[in-house]
Amino acid sequence: MKISAKTKICMVIGNPIEHSLSPQIHNAGYEKLGIESDYVYVACNVEIQNIADFIKGVRAMQIRGVSCTIPHKIEVMKHLDEVDEVAEKIGAVNTIVNENGVLNGYNTDWLGVVIALEKVTSLKNKRVALIGAGGAARAVAYGVTQRGAKLTIYNRTIEKAKELINEFGGEAYSLDDIEGIKNMDIIFNATSVGLASNKNETPLPKELMTNKHIIFDAIYVPYETRLLREAKQQGATIIHGMEMLLQQAIAQFKLYTGHDAPEDVMRNVLLDNLITKEKKYAN
Ligand code: ATR
């Protein structure tokens, strides 16, 4: 046990939060870098109506960093001292850094998307199809357009796709017109279709995917969704949702500690946990 009175506390909040893998990956990173006496990372279940009190607690206890999950990402914004321009544009804060009593809000979700994609391809002038137009989709829309990609959004509710396109530019279609997705370079699923609770579903018919596509699913439980399995069968390049989770956490790690995160160690912790979970589902 390396925790002492000098150890700074970081945490993830949400409701529910018990399933979060953030404590494992951040603490594994601290350990690898030998800074586990400087930082510890925990999880707290915070009910949305208590968010103002929670932030008072962050100030009073001088908590160093807070990672926020849905629905806290939006709710915390009005309680912070500063929200950076990017988080403002995305409309959500997933990272709070306490700088000597000043609470700054950031968004690293978009970086998770962009960094994971840029390990495989450049985004400049690429045609990106985004399926979904909810909270997760906003960070994707910001990230890919910021990197110079051309955005097309497909959503069950076309009005929501149009709203996002009004902000970020591009074209909006309903899911009934998804055929056109064949001509895209990158396809990103930001809907909840394919989550563990409906893991036999997919947002995209298999025959619309080809070996020219890069297919990225934001869902990371199950580790490999039906969409990604079928994409692989079609010869497409796939990116697991876990990569987005990992890369946004790596960006947070740097903001909290000032250190570059040990990516491989953190990836292995995530993989171990997600694949163990997957095995549980199979049984
Ligand atoms: P999140 O914050 O995780 O993005 P959200 O804001 O509730 O969650 O957005 C969920 C997205 O999944 C939306 O784009 C939603 O489509 P609608 O805008 O039409 O609601 C999409 N979605 C959820 N269930 C779906 C389903 N069965 N078929 C197609 N799209 C679905």
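Computed from a predicted structure; not experimentally measured. Start at 1 and go down the list; that is how both ligands and their atoms are numbered. Computation of the quantities below employed the complete heavy-atom set of this structure, encompassing side-chain atoms and omitting hydrogens, waters and symmetry-equivalent molecules.
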Starting from atom 23 (C) of ligand 1, find the nearest protein heavy-atom neighbour and note its residue, name and distance.
-> Ser192 OG, 3.3 Å
Is the shortest distance from atom 6 (O) of ligand 1 to a protein heavy atom below 4.0 Å?
-> yes
Hey, looking at atom 26 (C) of ligand 1, which of Glu201, Arg156, Arg138, Lys73 has the closest heavy atom?
-> Arg156
Is the gap between the ring centers of His240 and Tyr220 under 6.0 Å?
-> no
Is a side-chain donor-acceptor pair under 3.5 Å present for Gln233 with Lys206?
-> yes
Among protein heavy atoms, which sits nearest to atom 4 (O) of ligand 1, and what does the distance come to when rounded to 0.1 Å?
-> Ala136 N, 2.9 Å
Please check atom 31 (C) of ligand 1 for a protein heavy-atom neighbour under 4.0 Å.
-> yes
Numbering as shown, the atoms of ligand 1 that approach Gly132 to under 4.0 Å (heavy-atom distance) = 14 (O)
Examine ligand 1 and decide if any of its atoms is less than 4.0 Å from a heavy atom belonging to Asn198.
-> no
For ligand 1, is there an N or O atom under 3.5 Å from any N or O atom of Leu175?
-> no
Give the atoms of ligand 1, by number and element, whose distance to some non-hydrogen atom of Lys160 is under 4.0 Å.
-> 17 (P), 18 (O), 20 (O)
May I ask which of Pro71, Gly135, Ser174 has a heavy atom nearer to atom 2 (O) of ligand 1 than the others do?
-> Gly135
Can a donor-acceptor pair be found between the side chains of Ser67 and Tyr41 at a distance below 3.5 Å?
-> yes
Nearest heavy-atom neighbours spanning Phe253 and Leu33 = CE2-CD1, 3.7 Å
Relative to ligand 1, is Thr191 under 4.0 angstrom through side chain, backbone, both or neither, heavy atoms considered?
-> both
The one among Ile70, Thr157, Ile153 that brings a heavy atom closest to atom 3 (O) of ligand 1 = Ile70
Determine yes or no for a side-chain-to-main-chain donor-acceptor pair under 3.5 angstrom, with Arg64 supplying the side chain and Tyr256 the backbone.
-> yes
What protein heavy atom sits nearest atom 9 (O) of ligand 1, and how far off is it?
-> Gly134 CA, 3.5 Å
Going from CG on Asn15 to CG on Asn50, what distance comes out if it is rounded to the nearest 0.5 angstrom?
-> 9.5 Å
Using distance alone, with no hydrogens and no angle criterion, decide if Lys199 and Thr225 have a side-chain donor and acceptor under 3.5 Å apart.
-> no
Closest non-hydrogen protein atom to atom 13 (C) of ligand 1, residue and atom name please, with distance?
-> Asn155 OD1, 3.9 Å
Any donor-acceptor N or O pair under 3.5 Å, side chains Thr152, Glu171 | no
Hey, are Asn273 and Gln24 close enough side-chain-wise for a donor-acceptor pair under 3.5 Å?
-> yes
Does Val193 reach ligand 1 with a nitrogen or oxygen that is under 3.5 Å from one of the ligand's nitrogen or oxygen atoms?
-> no
Look at the side chain of Asn211 and the backbone N and O of Ala236, then say whether any donor-acceptor pair between them is shorter than 3.5 Å.
-> no
